[in-house]
Amino acid sequence: MPFEPGEVVAPSDPRIVLEGQWGHQPGVAITVNSGSRISFSYAGERLQLLFDTDGLTVAPHLWITVDGEPELHVVEAPVIELSAPDGRHQVEVVVKDVNEHANRWNPPFGCAVVFAGLVLDVNARLRLGGRPSGPRFEFYGDSITQGVRSLSVHPESEGADGTTSYAYLTARAFGATSYQVGFGSQGISKPGNGEVPAGVDSFGWNFAGSPAERVESSDVVVINLGVNDPTLDVEEYADYVRRVRAAYPDTTIVSLTPFNGKHADTIQAAVKSLDDPKLSCIDSTGWITEDDCTDQVHPSVAGHAKIAAHLVDALEEQTSLRRIT
């Protein structure tokens with residue numbers, strides 16, 4: 001039977017839960033970050049996911065789950081139709097990858113997920129689901145946090161998967177809402193790929209012209225930047241952390257040193273210099289080796305799992321949070 005359009009649902013509808021770093025413009029919600037999620041439930045058989053793909057030069061990759069196992073969708077067209085046997089269904093859309101090399105900072109984008117809402121079949125109904133109730137985490141990092149080359153050494157989205165990243169895994173372990181912000185090649189003072197500015201300039205923004213507004217403060221902010229900076233001094237790193245602290249006066253902030261140990265002494269000294277009781281430094285040196293990476297630099301799926309296991313343990317030791325898995 002042909003699809004018979006019924007209710008049209010905007011991205012801002014409270015029955016749709018958006019998780020991660022999303023910017024909002026009239027009629028659309030936009031993310032440039034792997035690991036961002038859309039979830040909702042419906043009763044019926046069919047519906048359509050709508051995306052604005054005008055002007056995109058590289059298609060983003062999504063994992064879409066309807067009740068069961070996730071399926072890969074490459075967003076090359078503005079409509080993705082979902083169908084299931086008549087009944088109640090839970091849908092989860094997770095951004096597998098927004099390509100790190102295409103412009104994803106300055107609109108109009110070369111690659112981004114521009115979600116334009118849903119169209120329900122005439123016999124389908126969107127249901128009001130529960131809002132996230134767990135803690136709130138934020139991660140700020142580079143290509144490793146993004147999940148680049150976790151699947152393979154393929155340099156484009158085929159090799160990348162934000163859902164395999166240590167950040168995604170750590171948040172899920174605590175049942176947390178997660179803001180996973182990773183930009184390939186970015187450092188504290190070094191710009192990233194895809195026209196992304198340096199970490200010190202991109203913090204607090206979804207993308208150019210879109211402030212990252214939070215309805216409520218996060219419980220934990222994890223910083224994992226520095227490995228891409230050719231040089232890094234104490235004051236540079238401290239200045240970045242001050243910006244995070246200004247945004248979140250009461251949040252626990254964790255500075256995670258690069259996994260290869262680069263700039264570890266500088267980062268530890270910067271954290272110590274700030275004399276902040278809710279700021280700590282976790283030295284991750286040795287958590288993984290080159291054998292845990294696909295290209296001696298970027299962790300494999302198994303390498304990310306090792307990192308997440310160490311980080312979950314460390315966060316349980318330093319906070320009152322407890323894993324649920």
Side-chain angles (χ1 to χ4, degrees), residues 1-99 102 104 107-132 157 161-163 177-180 206-207 210 213 215:
M1 293 180 59
F3 184 89
E4 296 185 54
E7 182 184 8
V8 178
V9 184
S12 58
D13 191 287
R15 293 171 293 178
I16 298 175
V17 176
L18 299 179
E19 178 183 335
Q21 192 103 314
W22 292 87
H24 297 271
Q25 295 180 358
V28 295
I30 303 168
T31 186
V32 298
N33 293 117
S34 304
S36 297
R37 306 204 303 176
I38 304 165
S39 58
F40 57 88
S41 61
Y42 76 99
E45 295 183 20
R46 295 189 294 179
L47 58 81
Q48 294 177 336
L49 295 166
L50 305 181
F51 299 93
D52 184 349
T53 58
D54 287 350
L56 298 186
T57 58
V58 180
H61 287 204
L62 305 177
W63 290 117
I64 300 181
T65 303
V66 182
D67 300 326
E69 293 298 315
E71 294 185 0
L72 175 64
H73 291 261
V74 180
V75 188
E76 297 175 316
V79 177
I80 295 176
E81 185 168 318
L82 305 180
S83 63
D86 191 22
R88 296 183 179 183
H89 305 288
Q90 181 66 34
V91 178
E92 183 177 82
V93 180
V94 188
V95 181
K96 173 182 176 283
D97 191 61
V98 174
N99 189 280
R104 55 171 171 160
F109 302 106
C111 190
V113 175
V114 185
F115 176 52
L118 309 172
V119 177
L120 304 177
D121 181 84
V122 67
N123 295 315
R125 297 290 182 269
L126 199 63
R127 301 176 60 84
L128 184 63
R131 309 300 295 182
S157 293
D161 188 348
T163 70
T177 298
S178 176
Y179 297 80
Q180 182 177 330
N206 301 310
F207 46 81
S210 176
E213 299 175 348
V215 175

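Just so you know, these numbers use all the heavy atoms, side chains as well, and skip hydrogens, waters and symmetry mates.
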Sorted by first residue and then second, give each ring-ring contact (aromatic ring centres under 6.0 Å, His included) pair with at least one member in [range]; sequence neighbours left out.
| range | answer |
| --- | --- |
| residues 68-92 | Tyr42-His89 |
| residues 52-72 | none |
| residues 2-29 | none |

Is the closest side-chain heavy-atom distance between [X] and [Y] below 4.5 Å?
| X | Y | value |
| --- | --- | --- |
| Thr31 | Phe207 | no |
| Val113 | Ile30 | no |
| Phe51 | Leu56 | no |
| Val79 | Leu50 | yes |

Quick one: pull up [atom1] in [X] and [atom2] in [Y] and give me the separation to the nearest 0.5 Å.
| X | Y | atom1 | atom2 | value |
| --- | --- | --- | --- | --- |
| Phe109 | Asn99 | CZ | CG | 14.0 Å |
| Ser39 | Gln90 | OG | CD | 6.0 Å |
| Ile64 | Leu72 | CD1 | CG | 9.0 Å |
| Leu62 | Ile80 | CG | CD1 | 5.5 Å |

Closer than 3.5 angstrom, by distance alone: can the side chain of [X] be matched with the main-chain N or O of [Y] as a donor-acceptor pair?
| X | Y | value |
| --- | --- | --- |
| Thr65 | Val91 | no |
| Glu19 | Tyr179 | no |
| Arg46 | Pro2 | yes |

Residue pairs involving residues 9-18 (criterion side-chain hydrogen bond (donor to acceptor under 3.5 Å, both in side chains); sequence neighbours excluded):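 Applying side-chain hydrogen bond (donor to acceptor under 3.5 Å, both in side chains) to every pair that reaches into residues 9-18, excluding sequence neighbours, yields Glu7-Arg15, Asp13-Arg15.
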Output a table of donor-acceptor pairs, distance under 3.5 Å, between side-chain atoms of residues 118-130 and any protein atom two or more places apart or on a different chain; print 'none' if there are none.
unit_1 : atom_1 : unit_2 : atom_2 : d
Asp121 : OD1    : Glu4   : N      : 3.3
Asp121 : OD2    : Asn123 : N      : 3.0
Arg125 : NH1    : Val122 : O      : 3.0

Give me the one residue out of Val9, Leu47, Val17 that meets side chain to side chain contact (heavy atoms under 4.5 Å, CB included) with Phe40.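 It is Leu47; the other options fail the test.
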Of the non-hydrogen atoms in [X] and [Y], which two are nearest, and what is the gap between them?
| X | Y | value |
| --- | --- | --- |
| Val98 | Ser34 | N-OG, 3.2 Å |
| Ser36 | Asn33 | OG-O, 3.1 Å |
| Leu18 | Ala29 | CD1-CB, 3.7 Å |
| Gly117 | Pro11 | N-CG, 3.6 Å |
| Gly110 | Ala102 | C-CB, 4.0 Å |
| Thr53 | Ala77 | CG2-O, 3.7 Å |

Kindly state each residue pair satisfying salt bridge (charged side-chain N to carboxylate O under 4.0 Å, His left out) with at least one member in residues 53-79, sequence neighbours excluded.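 Of all non-adjacent pairs touching residues 53-79, none passes salt bridge (charged side-chain N to carboxylate O under 4.0 Å, His left out).
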Would you list the pairs meeting salt bridge (charged side-chain N to carboxylate O under 4.0 Å, His left out) in which at least one residue belongs to residues 26-35, sequence neighbours left out?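 Listed by first then second residue: nothing to list.
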Excluding sequence neighbours, so at least two apart, what forms side-chain hydrogen bond (donor to acceptor under 3.5 Å, both in side chains) with [X]?
| X | answer |
| --- | --- |
| Thr163 | Asp161 |
| Ser157 | Asp97 |
| Gln21 | Arg214 |
| Thr177 | none |

Any residue meeting salt bridge (Lys or Arg N to Asp or Glu O under 4.0 Å) with Glu92, in chain and number order, not counting sequence neighbours: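 Salt bridge (Lys or Arg N to Asp or Glu O under 4.0 Å) check on Glu92 returns Arg37.
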